[in-house]
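Working notes, structure below.
Heads up: numbering here begins at 1 and tracks the sequence.
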Amino acid sequence: MAKFGELISVEKPVLIDFYTDSNDVENTLEILRSVVAALGDSAKVIKIDISKNEILVDALRVKGNPTFMIYKNGEMKWRQTGFQDANTLIGLVQQFV
């Protein structure tokens, strides 16, 4: 949890993808690569495996896969469960740059 706090307590937006290996669609990786390419250094993109981070997942009440969150300065700005395309994610993160 302390490490998570460090990850989200930055001035630039942080997009987090909560996923599981058994359910992760290969497309999700490609989508996140597109997001990273479009945003460059203006934001961070992180994938967190639900099955390996159960305490964090419980604390954040992550129920679905995938669940996306955007944090800035340690504060959650947006959250959505379910598939999101690259353009949607890019547009959402850019609102907080």
Side-chain angles (χ1 to χ4, degrees):
M1 288 291 286
K3 194 171 192 177
F4 181 74
E6 291 172 24
L7 289 173
I8 63 169
S9 294
V10 293
E11 289 186 28
K12 62 174 107 178
V14 180
L15 172 65
I16 303 171
D17 171 18
F18 287 91
Y19 74 100
T20 60
D21 281 333
S22 61
N23 260 349
D24 197 26
V25 183
E26 185 61 32
N27 273 347
T28 305
L29 267 178
E30 204 53 47
I31 288 167
L32 291 178
R33 285 187 185 118
S34 298
V35 172
V36 169
L39 296 173
D41 289 337
S42 65
K44 289 179 15 178
V45 177
I46 300 169
K47 288 180 68 72
I48 296 179
D49 187 335
I50 291 171
S51 61
K52 294 178 182 173
N53 296 280
E54 292 177 11
I55 293 171
L56 176 62
V57 166
D58 286 345
L60 295 174
R61 295 188 168 113
V62 174
K63 303 291 184 209
N65 176 44
T67 294
F68 294 96
M69 296 180 191
I70 298 174
Y71 280 86
K72 185 172 182 178
N73 296 320
E75 181 183 336
M76 185 186 304
K77 300 293 188 178
W78 175 85
R79 175 184 178 138
Q80 182 71 45
T81 299
F83 177 80
Q84 302 291 318
D85 65 51
N87 289 332
T88 300
L89 291 171
I90 291 165
L92 286 162
V93 173
Q94 285 177 331
Q95 293 177 27
F96 304 106
V97 173

What verdict does the side-chain contact (heavy atoms from CB on, under 4.5 Å) test give for Asn73 and Phe96, after you've listed the backbone C-alpha separation in whole Å, the side-chain angles of each residue and the deciding distance to 0.1 Å?
CA-CA 10 Å; Asn73 296 320; Phe96 304 106; over 6 Å; no

What's the spacing between Lys77 NZ and Ile70 CD1 if we round to 0.5 Å?
10.5 Å

Looking at every non-hydrogen atom in both residues, tell me the closest pair between Lys72 and Val97 and how far apart they are.
NZ-C, 4.0 Å

Looking at residues at least two apart in the chain, or sitting in another chain, which of them share a side-chain hydrogen bond (donor to acceptor under 3.5 Å, both in side chains) with Thr81?
Thr67

Could you tell me whether a side-chain N or O of Asp85 sits under 3.5 Å from a main-chain N or O of Asn87, the two making a donor and an acceptor?
yes

So do the side chains of Val45 and Asp17 get within less than 4.5 Å of each other, counting heavy atoms only?
no

Minimal heavy-atom distance between Ser34 and Ile90, with the atoms involved, is O-CD1, 4.0 Å

Pair Lys3 + Glu6, salt bridge at N-O below 4.0 Å:
no

Salt bridge (charged side-chain N to carboxylate O under 4.0 Å, His left out) partners of Lys12, counting only residues at least two apart
none

Would you compute the distance between atom NZ of Lys44 and atom CG of Leu7 and round it to the nearest 0.5 angstrom?
5.0 Å

Nearest-0.5 Å distance that lies between atom CD1 in Ile46 and atom CD1 in Ile8:
9.0 Å

Which atom names give the shortest non-hydrogen contact between Ser51 and Thr20, and what distance separates them?
N-CG2, 4.4 Å

Leu32 side chain reached by Leu15 side chain, heavy atoms, under 4.5 Å
yes

Within this structure, what is the OG1-CZ distance for the pair Thr28 and Arg33, rounded to the nearest 0.5 Å?
11.0 Å

Tell me, do Ile16 and Phe68 make a side-chain contact under 4.5 Å, heavy atoms counted?
no

Atom OG in Ser9, atom CD in Glu75: separation rounded to 0.5 Å?
11.0 Å

Spacing of OH belonging to Tyr19 relative to CG belonging to Asn65, to within rounding of 0.5 Å
10.0 Å

Look at the aromatic rings of Phe4 and Tyr71 and report parallel, tilted or perpendicular, splitting at 30° and 60°.
perpendicular

For the CG atom on Asp58, are there more than 12 heavy atoms of other groups (residues, nucleotides or ligands in this structure) within a distance under 6.0 Å?
yes

Let's go through Phe18 and Leu56 carefully: what are the C-alpha distance in whole Å and the side-chain angles of both, what is the deciding distance for side-chain contact (heavy atoms from CB on, under 4.5 Å) to 0.1 Å, and is it a yes or a no?
CA-CA 10 Å; Phe18 287 91; Leu56 176 62; 4.1 Å; yes

Step through the shown structure and confirm whether more than 12 heavy atoms of other residues, nucleotides or ligands are within 6.0 Å of CD on Glu54.
no

